[in-house]
Amino acid sequence: MPEPIEEEAMPPTRLTDVALLLRPEDDVAITTSDVAAGTALLTEDGVLTVAADVPRGHKLAVRAVAAGEQVHKYGQSIGLATVMIAAGDHVHSHNLGMDTSERAHEFGTARVVPTFPEGLPRTFLGYDRGDGRIGTRNYIGVITSVNCSASTAKLIADQFRGLGTFDEYASVDGVMALAHTSGCGLVSGSDGADLLLRTLRGYARHPNFGGLLVLGLGCEMLPVTSLVEGLGLPEGMHIESMTIQDTGGVRATVRAGVEKIREMLPVVNQARRTPQDVSELVLATNCGGSDGYSGITANPALGLAGDWLVAAGGTSVLAETPEVYGAEHLLTRRAVSPEVGQKLLDRLEWWKHYTAAGGGTMDNNPSPGNKAGGLTTILEKSLGAVAKGGAAEMAAVYEYAEPITTKGFGFMDTPGYDPVSVTGLVAGGSTVVVFTTGRGSVFGCKPAPSIKVATNTPMYDRMSEDMDLNAGRIVDGTATLEQVAREIYERIVAVASGEQTVSEEMDIGQEEFIPWQLGAVT
């Protein structure tokens with residue numbers, strides 16, 4: 001009988017064909033496709049065999065790490081090995097835990113002044129409010145002083161929704177209700193009361209509002225007058241205020257409120273877009289539903305676009321304090337002064353006490369969706385999240401909803417919960433939002449337009465009607481980081497000039513107004 005013919009062994013697959021090694025010193029690579037157990041991968045150090053199935057976007061060990069040692073990604077520690085990790089292992093929650101080692105902090109040792117590239121626009125079409133504020137939208141806002149007036153505010157705003165409502169008023173973007181769940185029962189002068197008042201006043205003076213109706217119940221802790229007094233708004237700004245109790249109840253207030261807005265519409269409609277320098281833009285950056293690609297594609301591309309805006313004299317602001325924990329040392333190195341760097345560290349110390357008081361830790365943050373997308377610890381998530389902040393020097397650190405007054409790159413202390421975080425940024429004066437997402441967030445944000453950037457192509461293809469840009473092409477190899485950054489920058493300018501985002505097309509963004517609530521309610 002003839003001898004059986006032995007099948008030739010398949011040559012090993014190159015690691016670079018199925019994964020990305022972000023730094024030569026990293027212990028893990030990020031898979032760009034599902035990698036099956038038993039797959040042989042050719043690396044610079046030889047051939048490794050994949051021990052278990054590794055999903056797309058997850059971490060694959062490229063070298064052995066002993067139990068208790070640090071595991072590195074982005075050239076930084078993302079946690080400690082809880083057991084021995086062998087080359088070829090899937091690295092995730094089953095073998096990677098938190099690294100609580102103290103990080104060294106240096107102030108001002110990595111200050112970078114970015115340069116503006118050729119060929120990008122330096123102007124946009126905005127609304128000059130005549131007092132130094134430049135808007136990107138022209139809304140009428142119904143601002144509530146207390147939750148007791150929230151339903152009435154929505155009833156008023158709803159009378160102006162629907163197709164054809166603004167055919168006669170082409171310069172008006174809409175009427176929106178700013179309803180919230182607080183405004184009474186707070187301790188007067190407390191952090192919680194001051195925070196709510198600062199947030200509401202921030203929206204009242206936002207340049208994307210051309211008219212305001214301030215609505216209260218009549219007996220609340222925050223009177224309607226407190227929301228607009230002393231804001232220094234221009235005389236031409238149309239502002240009305242009323243309370244439900246004085247007006248005669250809900251039905252009477254809705255009728256009166258609708259009539260007041262009808263009187264505003266011709267006045268607000270007189271606003272016209274005129275050429276403005278991009279230095280007048282205030283960009284808010286946020287991320288939600290992050291995955292293993294967030295820190296590789298959308299976030300660094302957004303960071304580069306933000307650097308270019310800063311180079312042009314504009315402002316870019318990073319936020320979500322719990323999601324920079326573990327990467328704060330990269331930000332303090334960029335601080336323009338020790339005082340700015342220390343302010344960030346002080347806010348993080350506050351958060352440590354805040355989470356502990358609630359029975360949690362700072363490592364509670366990665367959500368089940370984050371982990372399904374390949375992220376394991378808050379350290380890993382934060383290292384990818386800070387990429388949204390680019391490389392420019394950190395000029396300022398703001399408390400929640402504090403007015404953003406310093407040009408350049410800044411940081412605002414906010415929770416990681418997306419609507420609460422962006423509410424603070426918009427209250428501070430942000431006029432455009434760029435929101436990156438890996439799992440697929442459908443976030444919108446009135447009165448500031450929200451541009452959503454997908455981190456990976458499969459999600460973008462699945463949810464293309466909800467996404468504005470696809471940064472997943474960076475991993476696919478069909479676009480470079482700089483090309484996507486240019487697209488983001490150009491979209492920022494186009495949207496600031498009036499181009500609608502997909503969330504605006506679907507009228508999403510009113511319900512996402514959620515001020516941060518702190519303190520006792522009595």
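Here, residue 1 is the first one in the sequence, and each next residue gets the next number.
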Any chance you could lay out the salt bridge (Lys or Arg N to Asp or Glu O under 4.0 Å) test for Glu229 and Arg201, step after step, and finish with the verdict? CA-CA 9 Å; Glu229 282 182 341; Arg201 286 172 62 85; over 6 Å; no
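- Taking the side-chain hydrogen bond (donor to acceptor under 3.5 Å, both in side chains) definition, one finds that Thr457 meets it with Asn470, Asp476, sequence neighbours left out.
- Side-chain rings of Trp308 and Phe116 stay apart, their centers remaining 6.0 Å or farther from each other.
- With sequence neighbours left out, Thr297 forms a side-chain hydrogen bond (donor to acceptor under 3.5 Å, both in side chains) with no residue at all.
- Residues satisfying the side-chain hydrogen bond (donor to acceptor under 3.5 Å, both in side chains) test with Asp27, not counting sequence neighbours, are His72.
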Gln76 and His329: CA distance, side-chain angles, deciding distance, side chain to side chain donor-acceptor pair (under 3.5 Å) verdict: CA-CA 11 Å; Gln76 302 285 329; His329 59 296; 3.0 Å; yes
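- A salt bridge is absent between Glu339 and Lys343; no separation between the charged side-chain nitrogens and carboxylate oxygens falls under 4.0 Å.
- Here Glu320 does not pair with Lys381 in a salt bridge; the nearest charged N to carboxylate O distance is not below 4.0 Å.
- Residues satisfying the side-chain hydrogen bond (donor to acceptor under 3.5 Å, both in side chains) test with Thr315, not counting sequence neighbours, are none.
- For the residue pair Thr501 and Asp468, no side-chain donor N or O sits within less than 3.5 Å of a side-chain acceptor on the partner.
- For the salt bridge (charged side-chain N to carboxylate O under 4.0 Å, His left out) test, no residue two or more places apart in sequence or in another chain qualifies with Lys371.
- Remark: the Gln276 side chain and the Thr274 side chain contain an N/O donor-acceptor pair separated by less than 3.5 Å.
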Before giving the answer on salt bridge (Lys or Arg N to Asp or Glu O under 4.0 Å), spell out for Arg486 and Glu482 the whole-Å C-alpha distance, their side-chain angles and the decisive distance to 0.1 Å. CA-CA 6 Å; Arg486 281 180 170 267; Glu482 183 172 340; 3.8 Å; yes
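- Considering only residues two or more places apart in sequence or on other chains, Arg273 meets the salt bridge (charged side-chain N to carboxylate O under 4.0 Å, His left out) condition with none of them.
- Side chains of His58 and Thr31: a donor-acceptor N/O pair is absent below 3.5 angstrom, by distance only.
- Taking the salt bridge (charged side-chain N to carboxylate O under 4.0 Å, His left out) definition, one finds that Lys352 meets it with Glu349, sequence neighbours left out.
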What pairs of donor and acceptor atoms, side-chain ones from residues 440-447 against any protein atom, are under 3.5 angstrom apart with sequence neighbours left out?
from: Ser441; atom 1: OG; to: Phe443; atom 2: N; distance (Å): 3.3
from: Lys446; atom 1: NZ; to: Asp507; atom 2: OD1; distance (Å): 2.4

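- With a 4.5 Å cut-off on side-chain heavy atoms, Thr437 and Val453 do not count as touching.
- With a 4.5 Å cut-off on side-chain heavy atoms, Leu383 and Leu330 count as touching.
- Remark: the backbone N or O of Ala150 is not paired with any side-chain donor or acceptor of Asn147 at under 3.5 angstrom.
- Formation of a donor-acceptor pair under 3.5 Å by the Glu328 side chain with backbone atoms of Gly326 is found in this model.
- No more than 12 heavy atoms of other residues, nucleotides or ligands shown are found within 6.0 angstrom of CD on Glu465.
- At least one donor-acceptor pair under 3.5 Å links the side chain of Asp307 to the backbone N or O of Ala392.
- Shown are Tyr400, Trp351, Trp516, Trp350; of these, the side chain to side chain donor-acceptor pair (under 3.5 Å) with Asp413 is made only by Trp351.
- Between the side chain of Ser226 and the backbone N or O of Leu222, no donor-acceptor pair lies under 3.5 Å.
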Could you list the donor-acceptor pairs under 3.5 angstrom formed by side chains in residues 279-288, with sequence neighbours left out?
from: Ser279; atom 1: OG; to: Asp277; atom 2: OD1; distance (Å): 2.9
from: Thr285; atom 1: OG1; to: Val317; atom 2: O; distance (Å): 2.9
from: Asn286; atom 1: OD1; to: Ser421; atom 2: OG; distance (Å): 3.4
from: Asn286; atom 1: ND2; to: Ser421; atom 2: OG; distance (Å): 3.1

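- With hydrogens and angles left out, the side-chain atoms of Glu323 and Ser382 include no donor and acceptor closer than 3.5 Å.
- Counting only residues at least two apart or in different chains, side chain to side chain donor-acceptor pair (under 3.5 Å) contacts with residues 123-140 comprise Arg129-Asn138, Asp131-Arg133, Thr136-Asn208, Arg137-Glu504.
- Ser294 contributes no side-chain N or O that, together with a main-chain N or O of Gly384, makes up a donor-acceptor pair within less than 3.5 Å.
- Applying the salt bridge (charged side-chain N to carboxylate O under 4.0 Å, His left out) criterion to Glu69, with sequence neighbours excluded, gives no partner residue.
- For the pair Arg103 and Tyr325, the distance from NZ or CZ to the six-membered ring centre is under 6.0 Å and the angle to the ring normal is within 45 degrees.
- Residue pairs satisfying the side chain to side chain donor-acceptor pair (under 3.5 Å) criterion with at least one member in residues 383-399, sequence neighbours excluded, are listed as follows: Arg111-Glu393.
- For the pair Asn456 (side chain) and Gly438 (backbone), a donor-acceptor distance under 3.5 Å is present.
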